[in-house]
Engineer: 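What follows is a single structure, and I will ask about it in a moment.
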2 protein chains.
Amino acid sequence: MLDRTHPTPLWRQLQNDLIRRLRAGEFTDTFPGELTLVDTYRVSRHTVRQALRHLREEGLVAATRGRQPRVAHTAEVVQPLDTLYSLFASVEATGRTQTSQVRVLDIRADGVIADQLDLEGSTPLLHLERLRLADDEPLAIDRVWLPAAIAAPLLDADFSRTSLYAVLADRTGTRLDHSSENIRAVIPTGAERALLRCPADTACLSIHRRGESAGRPVEWRHTLVRGDRYTVTAEFSVTEGYQRRPI
Amino acid sequence: MLDRTHPTPLWRQLQNDLIRRLRAGEFTDTFPGELTLVDTYRVSRHTVRQALRHLREEGLVAATRGRQPRVAHTAEVVQPLDTLYSLFASVEATGRTQTSQVRVLDIRADGVIADQLDLEGSTPLLHLERLRLADDEPLAIDRVWLPAAIAAPLLDADFSRTSLYAVLADRTGTRLDHSSENIRAVIPTGAERALLRCPADTACLSIHRRGESAGRPVEWRHTLVRGDRYTVTAEFSVTEGYQRRPI
DNA sequence: CAGTGGTCTAGACCACCGA
DNA sequence: CGGTGGTCTAGACCACTGC
């Protein structure tokens with residue numbers, strides 16, 4: 001189960017294994033308590049608590065003194081605003097299964113979008129539109145445009161289960177190193193609400209992102225996320241050299 | 001030194017005492033190591049580490065294995081924490097006038113809010129509720145709670161034209177050095193929409209903020225911002241990480 | 001009542017760093 | 001080399017929760 005000879009600390013191995021089991025859906029609602037984990041993994045309680053600390057801080061597991069610990073199925077995805085994030089990764093990190101329905105994948109020209117990317121209006125762009133789901137429940141409508149000169153190799157990729165950024169880096173070697181986003185609150189149109197299957201009283205976050213690689217704009221993206229399932233978080237600290245907690 | 005009969009955990013008492021000594025300038029550059037603290041405070045190393053964890057995460061103390069621990073010199077300059085709320089100030093920079101209507105300013109207890117601040121439910125809190133306007137047009141409903149033990153001197157302040165953080169720093173010397181925010185999209189209630197005088201089809205950004213000073217929570221804030229007038233922006237660079245700034 | 005998490009102790013070995 | 005923080009163990013008592 002755990003490898004005591006491996007240089008990775010025991011508590012991190014334990015943490016990873018618990019995340020794996022969480023993703024595998026092994027704990028539908030209840031979650032083992034600390035003493036149970038001590039027995040099953042044959043480690044001290046201190047080690048168990050160190051492994052659990054991160055899971056609890058991440059909100060994956062809800063535990064209160066006296067009560068039966070539970071898997072926190074907060075019906076929402078929490079998005080830290082501290083990394084160049086991928087919606088795919090943040091959904092998977094919560095133990096949910098992320099899938100996408102590809103609605104559009106083609107190459108076209110669009111003067112408005114090209115303008116945002118500092119390109120000529122007639123420049124061909126690869127356009128990908130996906131309905132993104134977490135555990136088969138609609139989460140967001142995601143539209144992204146990339147210059148065809150860079151992204152053409154993605155035309156035949158399967159985006160139903162993979163991250164755009166992963167495919168982009170894999171097939172073209174392009175990695176985003178800079179991005180800027182605008183986040184607004186909007187009320188979805190009737191068509192959007194129907195597609196997202198969200199209640200009538202639900203607002204959405206409208207996120208525009210412009211991504212760059214080596215100083216060149218390579219991505220214009222618009223994501224419409226259900227407000228009842230998604231939260232953006234941000235952390236600030238005045239101190240220099242502030243180290244973010246690992247995982 | 002530490003009171004073992006007091007209900008406050010030992011590690012919290014130790015943390016508070018270390019913060020007190022830090023503020024008193026007792027440690028100019030070097031900082032005692034863990035074993036030193038074990039000796040001086042007569043507690044176990046586990047307790048010392050639990051107390052130090054927050055100080056290190058906050059960046060107040062820099063410690064690396066093998067090296068002499070040091071006091072982290074927090075860039076002595078201003079509090080850059082008003083990224084979002086200087087958004088209101090930046091409105092003035094664009095030529096508009098920003099004002100506030102103070103709707104509530106009193107001291108009360110609120111168990112739910114106190115819980116968010118890690119305080120006892122009966123702890124008195126200073127509560128300030130403002131309707132914030134730009135050029136006499138409503139922008140946001142801003143509610144903030146601070147422990148009365150710290151913020152009581154603000155009871156007779158005039159908040160119609162001034163920043164809370166400025167008054168807080170001026171009258172109490174407290175400056176926020178850390179905060180975390182959650183940003184969601186919501187649809188305002190009828191009362192909120194009426195107060196904000198916004199159209200029926202307008203969504204809002206709901207922003208919860210928890211602010212800390214020297215590792216202790218001092219502010220719980222909820223701001224409801226009109227989605228049709230404000231955008232939150234974020235920048236990311238691989239070299240610099242994310243920084244949010246207002247538009 | 002049994003089980004939960006929160007706190008605390010007193011040990012131990014290790015990797016790392018600077019003198 | 002001595003001191004640092006990182007990890008880990010094997011205990012213990014307590015407050016709280018739900019049955």
Side-chain angles (χ1 to χ4, degrees), chain A residues 1-18 27 29-72 241 243-247, chain B residues 1-18 27 29-72 111 114-115 118-122:
Chain A
M1 193 96 67
L2 303 183
D3 181 5
R4 297 183 108 92
T5 71
H6 197 275
T8 303
L10 268 183
W11 64 264
R12 162 110 27 216
Q13 294 183 46
L14 173 53
Q15 179 193 343
N16 289 339
D17 196 60
L18 289 174
F27 317 112
D29 50 337
T30 65
F31 194 83
E34 296 179 355
L35 296 185
T36 306
L37 294 173
V38 164
D39 283 344
T40 59
Y41 284 93
R42 304 285 178 185
V43 293
S44 74
R45 190 170 164 223
H46 172 76
T47 304
V48 166
R49 284 176 63 79
Q50 191 153 0
L52 286 179
R53 183 184 309 139
H54 301 284
L55 298 184
R56 289 166 178 168
E57 286 178 352
E58 291 291 316
L60 295 180
V61 174
T64 317
R65 178 163 53 185
R67 273 197 288 247
Q68 192 65 223
R70 299 194 167 279
V71 177
Q243 300 293 328
R244 210 163 282 109
R245 291 190 302 274
I247 308 274
Chain B
M1 192 100 65
L2 302 183
D3 180 5
R4 298 182 108 89
T5 69
H6 198 274
T8 302
L10 268 183
W11 65 265
R12 169 79 64 180
Q13 294 183 45
L14 173 53
Q15 178 191 345
N16 288 338
D17 196 60
L18 289 174
F27 316 111
D29 49 338
T30 65
F31 193 83
E34 297 179 355
L35 295 184
T36 307
L37 294 174
V38 164
D39 284 344
T40 59
Y41 283 93
R42 305 285 178 186
V43 293
S44 75
R45 190 170 163 222
H46 172 77
T47 304
V48 167
R49 284 176 64 79
Q50 190 152 1
L52 286 179
R53 183 182 306 139
H54 297 93
L55 299 183
R56 288 168 177 168
E57 285 180 352
E58 291 300 316
L60 296 178
V61 172
T64 317
R65 178 163 53 184
R67 274 199 287 250
Q68 192 65 222
R70 298 194 169 278
V71 177
D115 202 44
D118 297 337
L119 298 172
E120 296 289 330
S122 58

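This structure is a prediction, so every number in the text was calculated from the model and none was measured. Reminder, nothing fancy here: chain letters follow the sequence lines and each chain counts from 1. Just the heavy atoms: all of them, side chains too, but no hydrogens, waters or symmetry mates, feed the values below.
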Engineer: Work out which heavy atom in B/L37 is nearest to a heavy atom in B/P32; give both atom names and the distance.
Structural biologist: CD2-CG, 3.7 Å

Engineer: Anything under 30° is parallel, anything over 60° is perpendicular, the rest tilted; go ahead and classify B/W11 against B/H54.
Structural biologist: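 The arrangement is parallel - the two ring planes meet at less than 30°.
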
Engineer: Round to the nearest Å and state the distance from B/W11 atom CH2 to C/dT7 atom P.
Structural biologist: 6 Å

Engineer: Closer to the 5' end of DNA chain D via nearest nucleotide, is it A/Q68 or A/T47?
Structural biologist: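 Comparing both residues, the 5'-ward one is A/T47.
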
Engineer: Find which nucleotide of DNA chain D each of A/G66 and B/P69 is nearest to by heavy atoms, and output the residue with the more 5' nucleotide.
Structural biologist: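 The residue whose closest nucleotide sits nearer the 5' end is B/P69.
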
Engineer: Does A/R67 place a side-chain N or O at less than 4.0 Å from the phosphate oxygens OP1/OP2 of C/dT4?
Structural biologist: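 For C/dT4, OP1/OP2 do not have a side-chain N/O of A/R67 under 4.0 Å.
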
Engineer: CG of A/L2 versus C1' of D/dC8: gap in Å, rounded?
Structural biologist: 13 Å

Engineer: Is B/R49 side chain donor-acceptor paired with the D/dT7 base, going by distance under 3.5 Å alone?
Structural biologist: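 No such pair is found, so the answer is no.
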
Engineer: For B/R45 and D/dG3, give me the distance from atom CZ to atom P, rounded to whole Å.
Structural biologist: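 Going from B/R45 (CZ) to D/dG3 (P), I get 14 Å.
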
Engineer: Does B/E34 reach the main-chain N or O of B/R49 with its side chain, forming a donor-acceptor pair under 3.5 Å?
Structural biologist: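 No; zero donor-acceptor contacts below 3.5 Å.
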
Engineer: Among D/dG6, D/dT9, C/dG5, which is the nearest nucleotide to the side chain of A/E34?
Structural biologist: C/dG5

Engineer: Taking only N and O in the side chain of A/Q50, is any of them less than 4.0 Å away from OP1 or OP2 of D/dC8?
Structural biologist: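 A/Q50 to D/dC8 OP1/OP2: no side-chain N or O under 4.0 Å.
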
Engineer: Is a donor-acceptor contact shorter than 3.5 angstrom present between the side chain of A/R12 and the base of D/dG6?
Structural biologist: no

Engineer: Could a donor-acceptor pair under 3.5 angstrom be found where the side chain of B/R56 meets the base of D/dG5?
Structural biologist: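 Such a pair does not exist between side chain and base.
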
Engineer: For B/Y41 and C/dC8, what is the distance between atoms OH and C1' respectively, to the nearest whole Å?
Structural biologist: 18 Å

Engineer: To the nearest Å, give me how far apart CZ (A/R42) and C1' (D/dC8) are.
Structural biologist: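 Going from A/R42 (CZ) to D/dC8 (C1'), I get 17 Å.
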
Engineer: Please give, in whole Å, the distance from D/dC13 P to B/L10 CG?
Structural biologist: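 That distance rounds to 17 Å.
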
